[in-house]
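Just so it is clear: chains get the letters A, B, ... in the order the sequence lines come, proteins before strands, and each one is counted from 1.
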Amino acid sequence: MLTSDLIKPRLRMQGSTLSVEMVNEQDPSLQQIAQDVIGLFHRYRDQAQAAWEEAMRAYEGASVDYVLIRGLAKVLADAATFTPLTTPLPPATLREQVFARGPVFGNPDLFHTVTRQEVLQEVADVYGLSTGGLDEMLFADRRASYLLTDAGPAWTPSALLARYNLELARGALYWASHITIEVASNYKDLWKYIKLFKLMFWAEPKQGGGYRIDLDGPISPFVSSTLRYGRQFAAFLPALFLCERWQMRAYVHPPQGRGAMLYQLDHTSSLHSHFKRSGEFDSRLEADFASEFEQKIGSKRGHWHLTRESEVLLLGNTVMVPDFVLIDTEDENRRIMIELVGFWHPQYLRRKVEKVRAANCAHLLLLVYEGLNITEEAFQDTAGEVIFFKQKPVLKEVMRTVEEMAERVYGPRRKPERSSNKRRTSKRSRVRTYLLGPE
Amino acid sequence: MVSRKESLDAAMPMQATVFFQGGTLVLQHSDDIDDVPVPFRFVKSRWRCEAYHYHEVLPWMQEQGIHNAIPRWQRLGLTLHDTRELHDYQIQALDAWKQASGRGSVVLPTGAGKSLLATHAILHVNSSAVIIVPTMSLVYQWYALLTNAFQTEIGVYYSGEKRVLPLTVTTYHSAGDLIAEYGNTFKLLICDEEHHLPAKTWGEAALMAPAPFRLGLTATYPEEHEQIGERWRLDELIGPIVYTQRLETLVGKQLAAYRTQRVRVDLTHEERASYDAAYAIYTGFVRERGLRQKHGAGWLRALMRLSTSDPQARRAWLARRQLLNLLESCQGKLAALETLLHEHAGERILVFTESNAVAYTIARKYLVPVISHETGVAERKQILDAFQAGQYQVIVTSKVLNEGVDVPEAKVAIVLGGGASKREYLQRLGRILRKKEPLQAVLIEVLVRNTIEEGKVQRRNVPRENC
């Protein structure tokens, strides 16, 4: 992430609205700068960090674009690896030896009978080094002498400018006290990253789908507008760009501003995430279940449609994202959630059982691997159903249970009239359910 | 085989529990509890309060049979190796603090041995403790003091190094992160220079720490009106004032006689030419735009802001940088330094530079140890100890030795960076003044003739009669 001195000059304030001046990724002159910086960086491979920084100062010259240039350089350096020189002894030990003989000068005198060169020679001999080598190793542990050993990913100028823009957006959040997001997809990754960056959230389902999520940290409710979590918000931000439809409102207190200002972003932004979207399936078991369903039932047989992690169970300060949701295509209100509990670490299982209990959710079906040595008692007071399986869940049994559960939770299923248009059918049946009302 | 089922059940207590989370205390499984007392607030589906209320809610938790999952602190088998005896007033202060159940502030004048008192407080609690201080120099100072006092590894937690141990020293700046993560591992919280606590973010760490034992140290306890910045007050966060001793003459500071000396050097022809050119660009711009008149004390920041859009401002800014570099590393100064090192051979010398780069250049050239902000606490201690013991003759340092570090063996201070403010200058003087014996000490300032450096010296206006 960029340092705050590289962010501040690009913050713009208007009324109580904050924005960040981003760069045009397609601007040829900026692309040229990005190209230059990338080229320069590669030329400094295997050289000291200080030499690279020196080169950047020279490149920047008297340009007023130095904030941009330094920002690009920072993005490159952050993604690269600088490694210290290997020394036979810790540099601090070498220093101790050498400095105990100082101060020394180029020519000896009455008080300093040995020269610099002689001191280096003397210590170098002890460790079997050359004097030049010793001279180099003296401060090998300073960041400035680390060598650029891996220049990181192969950046194109546009990719570098795009990433720079993302870093600017992140930077605006350094001074954020809390943020609110509204989002309608990809919950799983979102929650993964909220947890990863140790943020606290409060989520509420929104009318018309999706969730409204307030993000802050544990101490926030007690210390109004604390900026303690700004760095964590910034670290988290790219997770939002993994979602399809979202908007964010951040309450930011920029150092040069007066009080809270609003910084907004949404899915129309051209920024993109460098975070990895998690794979479609967490385990073989889940993938197998989905493909078996598709093969044996699919959209042709039966009336259930299998969706993947499309719903969230809000459980106070945590959430559960069930692996699958079966939606009745003839009445979309009829939904059964399925959670596969395969072979997991006991710790993980413990949390899962706790979550299932807390969820107290009658339309949750658990498919539990029997080899887990976890008995039915563990799931005794869960509201939903549990099916144990030995190698893989038996689809027939699963679907039978799903039908039973649906009937128990939603009442008897109404046989649909035949219709060529499935969508309309399902819409009509939803209306009918509404008219019938709950029992 | 251990039954997984058993461990599973054991790990799912539905018993009401309070645990520590990121600086707050969280009550879990509270369904059977009717009245949750006041510091707790129902936030985001859980009862929570700031962790500093721990001592206050503890009796209630015990009464209700609530499981206390907060403390993770450990007992230590510390022994004190510091043989210095406490003065009467230190004993009184310590007793008063113990009487107050180990919560409260001790107000003692500077130099009265507050940190020695603190080591005895740590010994008394004999459990893991965290010490929060305002500056890096004080981190180092406490690190050295505690290392010597308890002959054990001491942790430090600040931007440069993060090593958490049962006794850890941190800065107010970094303490929030430390406490959020490790707050419940410390039974004793010590806030040095606690008058900083009312400041906005600086109070947060104390607020987030559950430590039931708390000691505040200061020479200047903030007045009522100085505490209204945030909603917390010192006596809430730390406890009441348990002891005050305001006598300024408590401990007579033995100051050595000292003198200052100025060495004036010239720029070479080439240096002079670039200096004059840079000076013209820089001051020309500042004058032409009337920056000093328009922005007062903030004119330099205004120049920096302008330099991101105005090419002329950028040139002026660069000219200023070039000029300062030139003044610090001009040939005359380095030659003068070499002469002075020769002249004072055999004496303990501190060399102050303005920038890191020059400090490291000098260290390499003369093979002398350097202390900069990059130097870790352990090496810093090693260098200063070796200097005190006479193994090192010279230490070169950039701005970092400015505050609160005693180097009593130093006899000569050579100041190469001319940019020092009046405060820095006095602190540098202070370095060589805190003497054990009345050695005659000297502070030598090397200045470049006919440059802005001479102006700075006059503006500083240190009373001559002291010199």
Side-chain angles (χ1 to χ4, degrees), chain A residues 8-10 50 61-67 92 95-96 98-106 109-112 116 119-120 135 138-139 141-144 198 200-202 214 217-224 226-228 256 315-317 346-347 349-350 353-354 357 372-375 377-378, chain B residues 1 3-5 7-9 11-12 21-24 26 41 43-46 48-50 176-177 180 200-201 203-204 207-208 230-232 305 307-311 313-315 318 338 341-342 345-346 349 360 363-370 374 376 378-379 382-383 386 391-394:
Chain A
K8 276 185 271 184
R10 304 203 74 103
S63 164
V64 288
D65 284 330
Y66 68 94
V67 174
R95 286 197 288 273
E96 249 185 273
V98 171
F99 294 159
R101 293 160 164 85
V104 286
F105 303 93
D109 64 29
L110 192 60
F111 291 100
H112 312 91
R116 180 178 191 276
V119 165
L120 287 178
D135 205 350
L138 269 186
F139 289 108
D141 52 353
R142 285 189 71 199
R143 292 289 313 192
K198 295 181 180 161
M200 293 230 313
F201 70 90
W202 181 247
D214 282 327
I219 205 74
S220 304
F222 304 100
V223 186
S224 60
T226 178
L227 303 185
R228 170 156 308 291
Q256 66 267 58
L315 310 170
N317 65 339
Q347 192 81 26
L349 201 63
R350 203 171 289 149
V353 173
E354 239 184 49
R357 282 186 182 174
L372 273 175
N373 221 4
I374 173 173
T375 58
E377 293 146 55
Chain B
M1 186 188 151
S3 153
R4 282 219 190 102
K5 196 192 107 214
S7 62
L8 214 79
D9 290 344
M12 283 187 290
Q21 184 194 36
T24 61
V26 184
R41 274 163 54 187
V43 185
K44 297 186 178 171
S45 79
R46 289 272 173 88
R48 295 167 191 277
C49 68
E50 306 97 309
D177 290 343
K200 186 152 173 66
T201 52
E204 282 180 18
L207 191 88
M208 292 161 69
E230 278 296 325
R231 55 174 200 87
W232 53 78
R305 207 166 43 236
S307 74
T308 64
S309 55
D310 181 339
R314 174 79 175 135
R315 265 198 298 278
L318 288 174
E338 190 157 330
L341 289 177
H342 273 111
I349 305 169
Y360 279 94
R364 269 187 186 283
K365 185 164 185 197
Y366 302 109
L367 300 183
V368 294
V370 54
E374 294 174 28
E379 188 178 10
Q382 179 264 321
I383 292 172
Q391 282 144 290
Y392 292 157
Q393 300 288 308
V394 178

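- The shortest side-chain heavy-atom distance between B:T24 and A:I219 falls under the 4.5 Å cut-off.
- Considering only residues two or more places apart in sequence or on other chains, A:A50 meets the side-chain contact (heavy atoms from CB on, under 4.5 Å) condition with A:A144.
- No donor-acceptor pair under 3.5 Å is formed between the side chain of B:R315 and the backbone N or O of A:A62.
- Among all heavy-atom pairs drawn from A:G61 and B:L318, the shortest one is O-CD1, 3.3 Å.
- Rounding to the nearest 0.5 Å gives a distance of 9.5 Å between CZ of A:R116 and NZ of B:K365.
- The parts of B:E338 that come within reach of chain A are both its backbone and its side chain, each placing non-hydrogen atoms under 4.5 angstrom from that chain.
- Of the atoms belonging to A:K8, not a single heavy atom falls under 4.5 Å from chain B.
- Interface residue B:D310: only backbone heavy atoms are found under 4.5 Å from chain A.
- At a threshold of 4.5 Å between non-hydrogen side-chain atoms, the residues B:T201 and A:L227 do not count as touching.
- Residue contact with chain A, scored on non-hydrogen atoms closer than 4.5 Å, involves the backbone and the side chain of B:V368 alike.
- Both the backbone and the side chain of B:A363 come within less than 4.5 Å of a heavy atom in chain A.
- For the set B:G22, B:P369, B:G23, the entry with the most heavy-atom pairs within less than 4.5 Å of chain A is B:P369.
- Atom CD in A:E96 sits 9.0 Å away from atom CD1 in B:I383 (nearest 0.5 Å).
- The aromatic rings of B:Y360 and A:F139 stand perpendicular to each other, their planes meeting at an angle above 60°, with 30° marking the opposite boundary.
- In this structure, the portion of B:S309 lying under 4.5 Å from any heavy atom of chain A is its backbone and not its side chain.
- When heavy atoms are compared at a cutoff of 4.5 Å, A:P221 approaches chain B by way of both its backbone and its side chain.
- Interface remark: A:V119 contributes side-chain atoms only to the contact with chain B (heavy atom separation under 4.5 Å).
- One finds the CD atom of B:Q393 at 14.5 Å from the CZ atom of A:F99 (value rounded to the nearest 0.5 Å).
- Here the straight-line distance linking atom CZ of B:R364 with atom CG of A:L138 works out to 6.0 Å at 0.5 Å rounding.
- Ranked by heavy-atom pairs under 4.5 Å with chain B, the first of A:P9, A:A92, A:S63 is A:S63.
- Put simply, the side chain of A:R95 never gets that close to the backbone of B:V370: no donor and acceptor are under 3.5 Å apart.
- Under a 3.5 Å cut-off, the side chain of A:R101 and the backbone N or O of B:L367 do not form any donor-acceptor pair.
- A cation-pi arrangement is found for B:R314 relative to A:Y66, the charged atom lying closer than 6.0 Å to the ring centre and inside a 45° cone about the ring normal.
- When all heavy atoms of A:F222 and B:R48 are compared, the pair lying nearest together is CZ-O, 3.5 Å.
- Taking B:Q391 as the reference, B:A386, B:A389 meet the side-chain contact (heavy atoms from CB on, under 4.5 Å) condition, with sequence neighbours excluded.
- Neither the backbone nor the side chain of A:D65 comes within contact range of chain B; no heavy atom of the residue lies under 4.5 Å from a heavy atom of that chain.
- Salt bridge status for B:E374 with A:R143: absent, with no side-chain N to carboxylate O gap under 4.0 Å.
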